[in-house]
Novice: 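Sharing a structure with you now.
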Amino acid sequence: MLRDIEVAFVGSGVMAEAMIGGLLNQKLIEPGQIVASGPRAERGQYLQERYCVRVATDNREAVTNAGIVVLSVKPQVLRGVMHEIRGHIRSRVLVLSIVAGARIQTISNGLAHAGVVRAMPNTPAQIGEGITVWTATDEVSPEQREQARTILGALGQEIYVEDEDDLDKATALSGTGPAYVFLFMEAMIDAGVHLGFSRRVAQQLVIQTMRGSVEFAQRSTKHPAELRNQVTSPGGTSAEALYQMEKGGLRTVVSRSIWAAYQRSVALGQGKKHGGPGETGGQ
Ligand SMILES: NC(=O)c1ccc[n+]([C@@H]2O[C@H](COP(=O)([O-])OP(=O)(O)OC[C@H]3O[C@@H](n4cnc5c(N)ncnc54)[C@H](OP(=O)(O)O)[C@@H]3O)[C@@H](O)[C@H]2O)c1
């Protein structure tokens with residue numbers, strides 16, 4: 001799928017490394033087909049030594065012969081980077097952006113380039129356990145869509161969507177999702193410490209409970225509500241805890257938070273920098 005094609009990563013940070021590592025581990029590409037660019041020579045040297053890929057500190061040099069250009073810089077530098085490489089990407093090349101909040105129109109205009117894939121990965125991608133939602137412009141050919149699928153598959157699961165608005169929704173649900181999970185994890189660990197467990201034991205109890213529950217839910221054919229009912233005996237401990245969570249509005253808070261994240265994602269895509277608590281309204 002990626003045979004004989006050069007893939008340039010513009011921005012060689014955490015996510016670019018996750019993609020490079022995944023593609024090479026799965027033998028989907030040869031190291032010589034990859035070029036990674038970024039401002040720091042030491043970072044390039046590290047990637048070169050670890051993965052035997054080619055590196056550059058000049059973004060233009062990196063993209064000139066590429067068949068696929070992956071934009072993996074932070075949103076703050078995107079405008080400058082696009083200005084730099086505009087006119088240096090060949091017309092039939094696939095541009096794949098993972099830059100959070102950057103709309104296809106922005107990338108397309110910024111690069112004067114029509115074939116663009118926009119993707120939203122999440123942090124577990126760093127261990128190949130992410131989920132990425134992506135979409136493509138009409139100008140991206142079926143073959144290029146498969147190439148995009150292969151590259152994003154190196155980060156874990158991937159889901160194609162027709163509508164770019166679904167990327168803002170996915171940003172709120174799966175892109176930001178790890179933050180919610182980590183917060184819940186942290187709250188449970190703190191509760192365990194409050195009960196008197198050492199932090200180490202509380203952490204072990206919580207992480208394995210979460211991991212086991214996720215795998216159980218994944219393997220089971222039952223809806224999560226049914227699995228929850230199974231551990232909720234009348235007048236028991238789960239019923240007591242769940243009553244308190246519902247009373248505290250946990251479900252409503254989760255729903256409102258994710259809706260607010262969606263609206264924030266839409267606003268960021270429109271270039272609105274500032275937002276405050278409650279500004280996004282809600283469901
Ligand atoms: N991390 C995630 O889980 C995640 C999830 C969803 C989306 N994303 C998106 O993925 C993108 C990359 O995120 P990341 O976590 O990989 O960030 P990162 O580790 O900071 O990587 C960005 C890289 O870009 C380099 N860079 C800075 N200025 C540059 C320039 N002018 N030209 C080329 N490279 C430049 C940085 O180099 P220096 O370090 O030397 O500055 C850094 O190596 C972001 O847009 C983010 O929104 C990330």
Side-chain angles (χ1 to χ4, degrees), residues 7-23 34-48 50-51 53-64 66 69-86 88-89 95-104 106-107 110-111 116-135 148 151-159 161 164 166-182 261-262 264-269 271 273:
V7 183
F9 288 86
V10 178
S12 316
V14 172
M15 292 304 271
E17 184 175 355
M19 277 189 265
I20 292 169
L23 287 169
I34 295 176
V35 54
S37 74
R40 276 186 303 127
E42 321 85 83
R43 176 71 183 162
Q45 198 180 343
Y46 159 79
L47 292 169
Q48 194 169 34
R50 171 115 201 235
Y51 301 100
V53 296
R54 289 179 294 132
V55 295
T57 48
D58 180 347
N59 293 328
R60 288 181 184 165
E61 183 193 322
V63 302
T64 302
V69 172
V70 180
L71 294 177
S72 40
V73 289
K74 288 281 191 201
Q76 309 85 275
V77 300
L78 179 66
R79 188 190 286 264
V81 165
M82 289 198 298
H83 181 71
E84 198 185 339
I85 60 177
R86 186 185 166 107
H88 293 264
I89 300 174
V95 171
L96 192 168
S97 165
I98 62 160
V99 181
R103 298 191 68 78
I104 285 186
T106 307
I107 294 159
L111 294 177
V116 177
V117 161
R118 178 185 164 198
M120 184 63 207
N122 64 7
T123 43
Q126 289 171 41
I127 55 159
E129 290 289 346
I131 184 153
T132 303
V133 177
W134 61 283
T135 193
I151 292 176
L152 296 173
L155 298 175
Q157 297 181 17
E158 47 76 31
I159 296 180
V161 292
E164 191 177 3
D166 283 348
L167 261 88
D168 287 316
K169 293 176 184 165
T171 301
L173 198 58
S174 53
T176 318
Y180 318 145
V181 175
F182 295 138
Y262 162 57
R264 186 74 193 120
S265 178
V266 172
L268 283 170
K273 282 197 180 125

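Counting starts at 1 for both ligands and their atoms, following the listed order.
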Novice: Side chains of L96 and L152: does their closest heavy-atom pair fall under 4.5 Å?
Specialist: yes

Novice: Protein residues near ligand 1, heavy-atom distance below 4.0 Å?
Specialist: G11, S12, G13, V14, M15, G38, P39, R40, N59, S72, V73, K74, P75, V77, V81, I98, V99, A100, M120, P121, N122, T123

Novice: Going by an N to O cut-off under 4.0 Å, is there a salt bridge joining R43 and E17?
Specialist: yes

Novice: Quick one: which residue pairs count as a salt bridge (Lys or Arg N to Asp or Glu O under 4.0 Å) with a foot in residues 167-182, not counting sequence neighbours?
Specialist: R103-D168, R118-D168, D165-K169, D166-K169

Novice: If you round to the nearest 0.5 Å, how far is OH of Y180 from CG of L173?
Specialist: 7.0 Å

Novice: What side-chain donor-acceptor pairs closer than 3.5 Å can you find for residues 120-131, not counting sequence neighbours?
Specialist:
residue : atom : partner : partner atom : Å
N122    : OD1  : I131    : N            : 3.1
N122    : ND2  : S174    : O            : 3.1

Novice: Considering residues at least two apart in sequence or located in another chain, which fulfil the salt bridge (charged side-chain N to carboxylate O under 4.0 Å, His left out) criterion with E158?
Specialist: R149

